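To start, the structure under review is shown below, and the notes come after it.
If you're wondering where the values come from, they're calculated on a predicted model, not measured in any experiment. Just so you know, residue 1 is the first one in the sequence shown, and it goes up from there.
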Amino acid sequence: MPDRELRHMRRTELVEIILALKQSEDRLRAENAALSAQLQERQIHIENAGSIAQAALELNKVFEAAQAAADEYVASVLAANKNTDAAATALRAQAEAEAQQILAQAQTEAANLKARTQQQCDAETEAAARKRAQTEADCKAMLARTQQEIQQRRAAFDRRASELLDGYHSTEFLPEERAK
């Protein structure tokens with residue numbers, strides 16, 4: 001709006017215009033803050049989706065426990081049958097076979113656990129990415145609507161101000177005033 005037009009407006013009109021613009025700005029700032037908070041919440045959710053490294057550490061603990069159990073079993077068998085070499089050899093072979101079986105079973109379970117964990121992580125990451133993309137799209141749409149609304153309000157304000165100024169200018173030179 002031209003500076004000249006603003007000078008001819010009454011203070012109350014100017015104050016109303018400023019108040020309306022300030023309220024609109026406050027509302028838009030509040031919307032922006034809410035959208036920023038929502039986006040931050042989505043990013044935190046993505047970061048907390050899970051860690052493959054943590055799953056790998058748990059798998060290592062399973063292997064260590066299986067190996068410790070197998071070692072303990074072999075040691076106990078050897079101690080109990082120390083007198084007879086033949087019996088000890090047979091028991092040792094049996095213990096090692098069982099240890100291998102336990103270890104193989106633990107490895108299978110660990111691989112299954114790792115696969116399930118990976119699938120869960122992938123699913124959560126994908127879901128979080130979809131939510132983030134949707135949130136970003138919603139934010140962009142809201143921003144576009146807000147900008148369009150601001151432009152419409154600005155255009156309406158300019159039209160109204162022009163109408164008021166035109167009305168003011170047309171009342172300055174009334175025939176009654178010219179005759180004086």
Side-chain angles (χ1 to χ4, degrees), residues 18-157:
I18 291 170
L19 180 61
L21 289 173
K22 181 64 177 162
Q23 289 173 346
S24 177
E25 179 185 354
D26 290 343
R27 185 182 56 78
L28 292 173
R29 286 186 191 273
E31 283 181 27
N32 188 10
L35 291 172
S36 295
Q38 188 180 13
L39 182 59
Q40 181 64 27
E41 180 181 317
R42 298 285 190 220
Q43 289 174 344
I44 288 171
H45 182 69
I46 288 170
E47 291 173 1
N48 291 335
S51 171
I52 294 174
Q54 185 178 10
L57 288 174
E58 290 178 17
L59 292 176
N60 285 340
K61 290 178 184 177
V62 169
F63 288 138
E64 289 173 1
Q67 185 62 47
D71 291 342
E72 184 178 320
Y73 182 75
V74 169
S76 67
V77 168
L78 288 176
N81 295 318
K82 194 173 189 181
N83 294 338
T84 58
D85 289 337
T89 303
L91 285 176
R92 183 174 182 174
Q94 181 184 2
E96 287 178 357
E98 288 179 17
Q100 290 299 325
Q101 184 181 4
I102 291 171
L103 187 57
Q105 184 180 0
Q107 287 174 341
T108 303
E109 289 176 10
N112 290 339
L113 177 62
K114 184 177 179 181
R116 284 193 311 269
T117 303
Q118 182 64 44
Q119 287 174 345
Q120 287 175 343
C121 288
D122 291 345
E124 288 182 16
T125 301
E126 184 178 321
R130 281 194 308 270
K131 286 180 183 178
R132 180 179 182 182
Q134 181 63 43
T135 301
E136 287 176 355
D138 291 346
C139 289
K140 287 179 183 178
M142 289 177 80
L143 180 61
R145 286 193 306 268
T146 303
Q147 289 174 343
Q148 183 179 11
E149 183 181 339
I150 289 170
Q151 289 174 352
Q152 289 172 350
R153 287 185 181 187
R154 186 174 288 147
F157 172 76

For Gln107, the side chain to side chain donor-acceptor pair (under 3.5 Å) test, sequence neighbours excluded, returns none
(message) Applying side chain to side chain contact (heavy atoms under 4.5 Å, CB included) to Cys139 and Leu143, what does each step give before you reach the verdict?
(response) CA-CA 6 Å; Cys139 289; Leu143 180 61; over 6 Å; no
Interatomic distance, CG@Asn112 vs OG1@Thr117, rounded to 0.5 Å, equals 10.5 Å
So CD of Gln23 and CG of Leu19: to nearest 0.5 Å the spacing works out to 4.0 Å
- Do other residues, nucleotides or ligands put more than 12 heavy atoms under 6.0 Å from the CD atom of Gln101? no
Between the CG atom in Asp138 and the CD atom in Gln38, the distance rounded to the nearest 0.5 Å is 7.0 Å
Across all chains, not counting sequence neighbours, the side chain to side chain donor-acceptor pair (under 3.5 Å) partners of Arg153 are Glu149
(request) For the residue pair Gln151 and Gln147, confirm or rule out a side-chain donor-acceptor distance under 3.5 Å. (result) no
Rounded to the nearest 0.5 Å, the CG atom of Asp26 sits from the CD atom of Glu31 at a distance of 11.5 Å
Q.
If we ignore hydrogens and angles and just use 3.5 Å, is the side chain of Ser24 paired with the main-chain N or O of Ala20 as donor and acceptor?
A. no
Margin query: Test side chain to side chain contact (heavy atoms under 4.5 Å, CB included) on Thr146 and Ile150; report intermediate values, then the result.
Written below: CA-CA 6 Å; Thr146 303; Ile150 289 170; 4.0 Å; yes
Output for pair (Arg130 CZ, Thr125 OG1), nearest 0.5 Å, gives 10.5 Å
* To do: Could you walk me through whether Glu109 and Gln105 pass side chain to side chain contact (heavy atoms under 4.5 Å, CB included), step by step?
  => CA-CA 6 Å; Glu109 289 176 10; Gln105 184 180 0; 3.4 Å; yes
Give a yes or no on whether Arg27 atom CZ has more than 12 heavy-atom contacts from other residues, nucleotides or ligands under 6.0 Å away. yes
| message | Counting neighbours of CD on Glu96 that are heavy atoms of other residues, nucleotides or ligands and sit closer than 6.0 Å, is the number greater than 12? | response | yes
CG of Leu39 to CD of Glu136, rounded to nearest 0.5 Å, is 6.0 Å
Fill in: Intermediate values then yes/no, side chain to side chain contact (heavy atoms under 4.5 Å, CB included), Gln118 and Asp122
CA-CA 6 Å; Gln118 182 64 44; Asp122 291 345; 2.7 Å; yes
